[in-house]
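Note sheet for the following structure.
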4 protein chains.
Amino acid sequence: MNSAPDPARRSERARLAVLDSAMELCRENGFAQLTIEAIAERAGVSKKTIYRWWPSKGAVLLEAVSEAATAAAFHVDTGDLAVDMRTQLAGVVALFTPRDSSPVAALMSESQRDPSLATEVREQLIRPRIALFEERMRSAQRSGEIPEGADLGVALDLFYGPIYHRLVFHLDLPDDEELGARVDHVIAALRAMPAANR
Amino acid sequence: MNSAPDPARRSERARLAVLDSAMELCRENGFAQLTIEAIAERAGVSKKTIYRWWPSKGAVLLEAVSEAATAAAFHVDTGDLAVDMRTQLAGVVALFTPRDSSPVAALMSESQRDPSLATEVREQLIRPRIALFEERMRSAQRSGEIPEGADLGVALDLFYGPIYHRLVFHLDLPDDEELGARVDHVIAALRAMPAANR
Amino acid sequence: MNSAPDPARRSERARLAVLDSAMELCRENGFAQLTIEAIAERAGVSKKTIYRWWPSKGAVLLEAVSEAATAAAFHVDTGDLAVDMRTQLAGVVALFTPRDSSPVAALMSESQRDPSLATEVREQLIRPRIALFEERMRSAQRSGEIPEGADLGVALDLFYGPIYHRLVFHLDLPDDEELGARVDHVIAALRAMPAANR
Amino acid sequence: MNSAPDPARRSERARLAVLDSAMELCRENGFAQLTIEAIAERAGVSKKTIYRWWPSKGAVLLEAVSEAATAAAFHVDTGDLAVDMRTQLAGVVALFTPRDSSPVAALMSESQRDPSLATEVREQLIRPRIALFEERMRSAQRSGEIPEGADLGVALDLFYGPIYHRLVFHLDLPDDEELGARVDHVIAALRAMPAANR
DNA sequence: TGCTAACCGAGACGGTACGTCGCGTCTTCTA
DNA sequence: TAGAAGACGCGACGTACCGTCTCGGTTAGCA
């Protein structure tokens, strides 16, 4: 029988070396140059070991980014939604900067050509963060900063759309000042809008 | 001087065969399987001919998409902004569907790993379409559908952000109904917003 | 240090398949059609594997010929020099026949355009066989068939010159009868000649 | 009808430029680097022009060598065969020196992989020179330097064999001193040998 | 002396093979 | 038995020449 590898015997040293090497190589050479062979060599690990524990180089990147990005892009709750969203959005922009060597951008790019990775990324990385965003929004609803009936899906699009729109087209990402203005507009719009019907 | 090939001698037959083959192969196998060799074979063209006229397979795709997408994603002007933007956004969504084999999606993905392609795409494909969008917006301003002072950059983000936001994360693209609701929200928001200061 | 591949890990199966395929293809199509790609395909081996172990297709041929030609062109010692040299020279002629598809002829041709291969061929293939020839000559000297003082370099030229002279110019190689007559002449000449002075 | 090119219209300028360029490139880069494209570029001639007048690059080389080698390797007749043959053999050795960039050596190498070129070379270049050699031999027979009955085919092998033997195996070609000694031996052998029977 | 057919340069074209790279699988050996 | 080392079959890469072909432009020989 084709037995799956036994996680209990897994070398934590090798695991960390792989994740670190992947991040380093991505930052150094850009993700176009990121290869399994380079990761293995840098990590002092055999290719077999990588393939034993990860299905693809995208999966390595996902795990590396997951561990590194736990703290980043967190939603703080100071009670001032505008301030908190500026912080949050600036954090997200920072994750994608510089574009050519950001491991997060690499992960997104890799997802475009590997549907199963896309699913993993969406479920493990994106959905939980959307949930955190919605939590923060509900907190803002409770404190009256935005209406109870505001559609959180719309809110998500409004806050984050500008970033990803530009990311896709390689336009300049918004700077802090622009982010601030957009946050104000979005909050104003959410206040003005009637509740969506879904 | 590094003598560039002479466009006057270029074979139009070969050019069209390459562009068509690239589009077909992309639709058939998805762009992960799209290779220069496959394009060359399908087109009945030598690899050398492709490399002579295009620097990369992304550049082939850009030219193919450019020629194919001239009509698509056009901005109509019926005088009703909401109707026109629904049409337009539905056209854009259609361009990215189905995601795994859409040549346009392929082009965006390819741009993420080839900065020079990203620049070409932005300048040749995106900027002109942004200009068309702004033209339509100014028409709406003249007819009073949206305020004179509305920030068109904000409008761009609000209209298109939702699409690209979901594209990046492989979330479901909005359907016609949702697009309609978003268009209404955005137009309402634009009416409510004070002019931006840039 | 530029790490060379580790011979201990080398696949003997692949090595033999490559050598056999090279010989077969040479015999079937002539060496003008002999390519690395064809060898790789016939052998069921990747091009990478060939390039890992041999610097050029000439080197493959050299190894193939070396292994195949160990027995051929051997010097027997029946005590009758004329008989033995006829046997030997006929063997050499056979190695170059038919000219268009003889792997040995291919090797010589390849040597003309690859100086480093020429060196390898000379040192690994030719010099040892010259040594064997000289051994046989010394045996003939001891038995008195040719004078003690005969110059073995001259003997070498006289015996083998006729073959290679014709090979170079694509003249007909000597047949058995002609070989016999030449051998007799050469032996007579060696008996008549005074010792050379080098 | 597929009409052959008309020699009357042929450009002598182009013809000479091609032959010169072939010789120069051969001397500069060795014949492994000699290509039709390089000849065409160097000569300021289109590839089409080369293919119109010559069937292969070997044929170009043959014509170039033929024109250049008319004078070289001529048989002088001072009345002293030993002296004349030393001159002649030294001339032949010079034609093949330096081995890696000698157009004559290139021509021989090219003949190994192109049987029709081999035939051309033999008939146009070699046979006439063998005839000249035999003429000189007959002159020597008339003057009594070698016996009337001497086999000129054997003489040919004996004189030239040493050179081609070494050429094939990339052994050092004989220097003047060695050539002299060999010539003396061969003449002595020819005197001693009974007439061959063909 | 003007016409016209050919050669001429230039170089794009469809091909074949090159030598390299990275993939994902595999085998061998060590700890 | 996990892990390192790395050879293996595979397939695409981008390049070099091949020999053929189409272009205008020149040029040589006939009208």
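For the numbers below, each heavy atom of this structure counts, side chains included, while hydrogens, waters and symmetry mates do not. Below, chains carry the letters A, B, ... as their sequence lines are ordered, and counting in each starts from 1. As the structure is a computational prediction, the values presented were derived from the model and not from experiment.
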> Which residues satisfy the ring-ring contact (aromatic ring centres under 6.0 Å, His included) test with D:Phe96, sequence neighbours excluded?
Replying inline: D:Tyr164
> In chain order, what residues pass the side chain to side chain donor-acceptor pair (under 3.5 Å) check against A:Trp54, with sequence neighbours excluded?
Replying inline: A:Glu63
Please write out each protein N/O paired with an N/O of nucleotides 27-31 of chain E under 3.5 Å, distance rounded to 0.1 Å.
{"residue": "E:dT28", "atom": "O2", "partner": "C:Arg9", "partner atom": "NH2", "Å": "3.4"}

>> Can you list everything that forms a side chain to side chain contact (heavy atoms under 4.5 Å, CB included) with D:Lys57? Sequence neighbours excluded, please.
In response: D:Ile36, D:Glu110
> Among side-chain atoms of B:Thr49 and B:Ser46, is any donor-acceptor pair under 3.5 angstrom?
Replying inline: yes
> With the threshold set at 4.0 Å, does a side-chain nitrogen-carboxylate oxygen contact exist between C:Arg42 and C:Glu28?
Replying inline: yes
> Of all of residues 49-61 of chain D, which get a heavy atom below 4.0 angstrom from DNA chain E, listed by number?
Replying inline: D:Thr49, D:Arg52, D:Trp53
> Taking all atoms of both residues into account, what is the closest heavy-atom pair of B:Ser56 and B:Asp114, and its distance?
Replying inline: OG-OD2, 3.8 Å
> What pair of heavy atoms forms the shortest contact from B:Pro5 to B:Arg52, and how long is it?
Replying inline: CG-O, 3.6 Å
>> I'd like to check the side chain to side chain contact (heavy atoms under 4.5 Å, CB included) partners of C:Asn29; sequence neighbours left out, ordered by chain and number.
In response: C:Leu25, C:Gln33
> By side chain to side chain contact (heavy atoms under 4.5 Å, CB included), which residues pair with D:Pro98, not counting sequence neighbours?
Replying inline: D:Arg27, D:Ser101
>> Let's see if you get this right: which residues in residues 110-119 of chain A place a heavy atom under 4.0 Å from DNA chain F?
In response: none
>> Minimum heavy-atom separation for D:Ser111 and D:Val121, please, with both atom names.
In response: OG-CG2, 3.6 Å
> Among E:dG24, E:dA17, F:dG29, which nucleotide sits nearest the side chain of D:Ala8?
Replying inline: F:dG29
> Between A:Arg122 and B:His170, is there a donor-acceptor pair closer than 3.5 Å when you use the side chain of the first and the backbone of the second?
Replying inline: yes
> Quick one: are B:Lys47 and B:Ile50 in side-chain contact, heavy atoms under 4.5 Å?
Replying inline: no
> Of all residues at least two apart in sequence or in a different chain, which pass the side chain to side chain contact (heavy atoms under 4.5 Å, CB included) check with A:Ala43?
Replying inline: A:Ala17, A:Val18, A:Ser21, A:Val45
>> Can you list, in residue-number order, the parts of residues 25-46 of chain B that come under 4.0 Å of DNA chain F, counting heavy atoms only?
In response: B:Thr35, B:Ile36, B:Glu37
> Looking at residues at least two apart in the chain, or sitting in another chain, which of them share a salt bridge (charged side-chain N to carboxylate O under 4.0 Å, His left out) with B:Glu41?
Replying inline: none
> Near DNA chain E, under 4.0 Å by heavy atom, which residues of residues 10-19 of chain A?
Replying inline: none
> In Å and rounded to the nearest 0.5 Å, what is the CG to SG distance from B:Leu61 to B:Cys26?
Replying inline: 5.5 Å
> Just how far, in rounded Å, is P of F:dG11 from NZ of C:Lys47?
Replying inline: 12 Å
